[in-house]
Amino acid sequence: MPELPEVEIVCREMRQALLTQIIQKVEVRERRLRFLIPPAFEKNLEHLTISSLQRRAKYILVGFQGTSDTLVIHLGMSGRISLLPSAESTLYHKHEHVIFTFTSGKEMRFFDPRRFGSMVLMTTPASLFHKIGPEPLSKDFSAITLKDSLLNKKSSIKSALLNQHIIAGLGNIYVSEVLHKAQIHPERLAKDLNLYECDALVSAIKKILQRAIAAGGSTLRDHQRTNGEAGSFQKQFAVYNQEGKNCPNCQESMIERILQANRSTYFCKKCQH
DNA sequence: CGCTCCACCTGAACGC
DNA sequence: TGCGTTCAGGTGGAGC
């Protein structure tokens with residue numbers, strides 16, 4: 001599910017609802033997420049007051065008053081956060097693995113059928129991001145910095161953009177969309193892009209991510225906002241999941257699907273060179 | 001070190 | 001209806 005726009009949406013909604021909330025109780029119903037949740041997890045979180053909520057790459061970072069511990073949340077492929085105004089029910093869905101109850105009565109549930117997601121309490125979250133590339137929506141992500149990080153990359157531009165060490169936050173959906181907008185063929189070698197192409201790519205990335213955030217993210221199957229609503233950016237896809245349809249740009253050529261590293265890439269061979 | 005590939009899981013969609 | 005197969009938005013680590 002979640003690439004940068006979906007994680008950003010969830011993070012903003014959590015910030016809106018949970019800043020200054022005090023954790024009353026943590027209940028772990030399934031410890032076997034991507035990383036096993038240790039037994040001390042619940043006790044270490046109880047009574048803490050939430051003081052910050054930020055997104056970095058596809059991670060949500062929850063900070064607390066009076067401790068340097070940070071709760072690091074990753075949604076994996078199928079993770080969802082739901083926020084309930086009051087804990088009305090102790091009926092849990094099978095895949096609701098972690099339940100936070102706040103002293104206000106609010107509740108947060110982490111749901112993740114595939115269990116590729118994770119919740120980790122760590123004192124040094126910065127170490128996680130040591131090797132992660134720049135935030136695409138920040139000012140320090142530019143044509144120059146992108147060109148620089150693609151130097152010597154022997155992989156395709158598709159693979160390079162999926163590589164979180166080069167740029168943070170893109171996933172399989174948005175890479176297809178962004179390459180189409182920048183009119184760059186997904187099989188081009190990353191190192192061969194010139195500065196103009198990098199510039200087109202940077203501006204396509206910023207625009208598409210911003211539009212996707214404005215639309216609440218993309219919901220294909222798993223992504224939900226914290227109140228259970230779907231995002232709507234999938235209605236604006238130019239190429240992703242659009243195999244066989246006319247390219248919305250040239251109106252002539254059909255969108256094609258190819259496999260790169262065993263993952264689908266969608267593109268228009270007339271528009272993308 | 002850089003790159004590709006696989007494993008990690010469940011559920012939905014599809015074909016027979 | 002049921003059963004088998006395939007595919008899915010991510011990523012850490014194995015292997016080359």
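Chain letters run A, B, ... following the sequence lines, proteins first and then strands; every chain starts at 1.
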Interatomic distance where [atom1] belongs to [X] and [atom2] belongs to [N] [whole Å]:
X: A/D222; N: B/dC9; atom1: CG; atom2: P; answer: 17 Å
X: A/E243; N: C/dA8; atom1: CD; atom2: P; answer: 11 Å
X: A/K191; N: B/dG2; atom1: NZ; atom2: P; answer: 16 Å
X: A/L33; N: B/dA7; atom1: CG; atom2: P; answer: 22 Å
X: A/L189; N: B/dG2; atom1: CG; atom2: C1'; answer: 14 Å
X: A/E3; N: C/dG9; atom1: CD; atom2: C1'; answer: 5 Å
X: A/F35; N: C/dG12; atom1: CZ; atom2: P; answer: 6 Å
X: A/L259; N: C/dA8; atom1: CG; atom2: C1'; answer: 13 Å

Spacing of the [atom1] atoms in [M] and [N] (rounded, Å):
N: C/dA14; M: B/dC9; atom1: P; answer: 16 Å
N: B/dC6; M: C/dT6; atom1: P; answer: 15 Å
N: C/dG9; M: B/dC3; atom1: P; answer: 22 Å

Nearest-nucleotide wise, let me know which of A/R34 and A/R221 is further upstream toward the 5' end of DNA chain B.
->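 In this pair, the answer is A/R34.
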
A/I144 atom CD1: more than 12 heavy-atom contacts under 6.0 Å =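 No.
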
[X] near the nucleic acid: base, sugar-phosphate alone, or nothing, with a heavy-atom cut-off under 4.0 Å?
X: A/K131; value: nothing
X: A/N262; value: sugar-phosphate
X: A/N163; value: nothing

Please state whether the phosphate of [N], meaning OP1 or OP2, lies under 4.0 angstrom from any side-chain nitrogen or oxygen of [X].
X: A/H74; N: C/dG10; answer: no
X: A/K154; N: B/dT4; answer: no
X: A/Y174; N: C/dG9; answer: no
X: A/R114; N: B/dA12; answer: no
X: A/H165; N: C/dT11; answer: no
X: A/N172; N: C/dG9; answer: yes
X: A/S159; N: B/dC3; answer: no
X: A/R263; N: C/dG10; answer: yes

Quick check for you: among [options], whose closest atom lies nearest to any side-chain atom of [X]?
X: A/K58; options: B/dC3, C/dT11, B/dC9; answer: C/dT11
X: A/M77; options: C/dA8, B/dC6, B/dT10; answer: C/dA8
X: A/P113; options: C/dG9, B/dT10, C/dG10; answer: B/dT10
X: A/Y59; options: C/dG9, C/dG12, C/dA8; answer: C/dG12

[X] and [Y]: same hydrophobic cluster, using ILVMFWY side-chain contacts below 4.5 Å?
X: A/I73; Y: A/Y59; value: no
X: A/M122; Y: A/I50; value: no
X: A/L33; Y: A/I99; value: no

5'-to-3' dot-bracket of DNA chain B (Watson-Crick, G-U; under 3.5 angstrom; crossing pairs as [ ]; | other strand) | .|||||||.|||||||

Ring centroids of A/F116 and B/dC8 base under 5.5 Å with planes under 30° =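 Yes, A/F116 stacks on the base of B/dC8.
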
Would you say the side chains of A/Q183 and A/N249 form a donor-acceptor pair under 3.5 Å?
->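 On atom types as modelled, these side chains qualify, holding a pair under 3.5 Å.
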
Give me the one residue out of A/Q16, A/R12, A/E13, A/R109 that meets side-chain hydrogen bond (donor to acceptor under 3.5 Å, both in side chains) with A/T226.
->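 Per the side-chain hydrogen bond (donor to acceptor under 3.5 Å, both in side chains) rule, the option paired with A/T226 is A/E13, out of A/Q16, A/R12, A/E13, A/R109.
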
With A/I81, which of A/L18, A/L75, A/D112 fulfils side chain to side chain contact (heavy atoms under 4.5 Å, CB included)?
->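 Single pass found, and it is A/L75.
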
Ignoring hydrogens and angles, tell me if any N or O in the side chain of A/K206 forms a donor-acceptor pair with the backbone of A/F141 under 3.5 Å.
->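 Side chain of A/K206 to backbone of A/F141, a donor-acceptor pair under 3.5 Å: yes, one is there.
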
Under 6.0 Å between ring centres, would you say that holds for A/F111 and A/H93?
->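 Yes; A/H93 has its ring centre under 6.0 Å from that of A/F111.
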
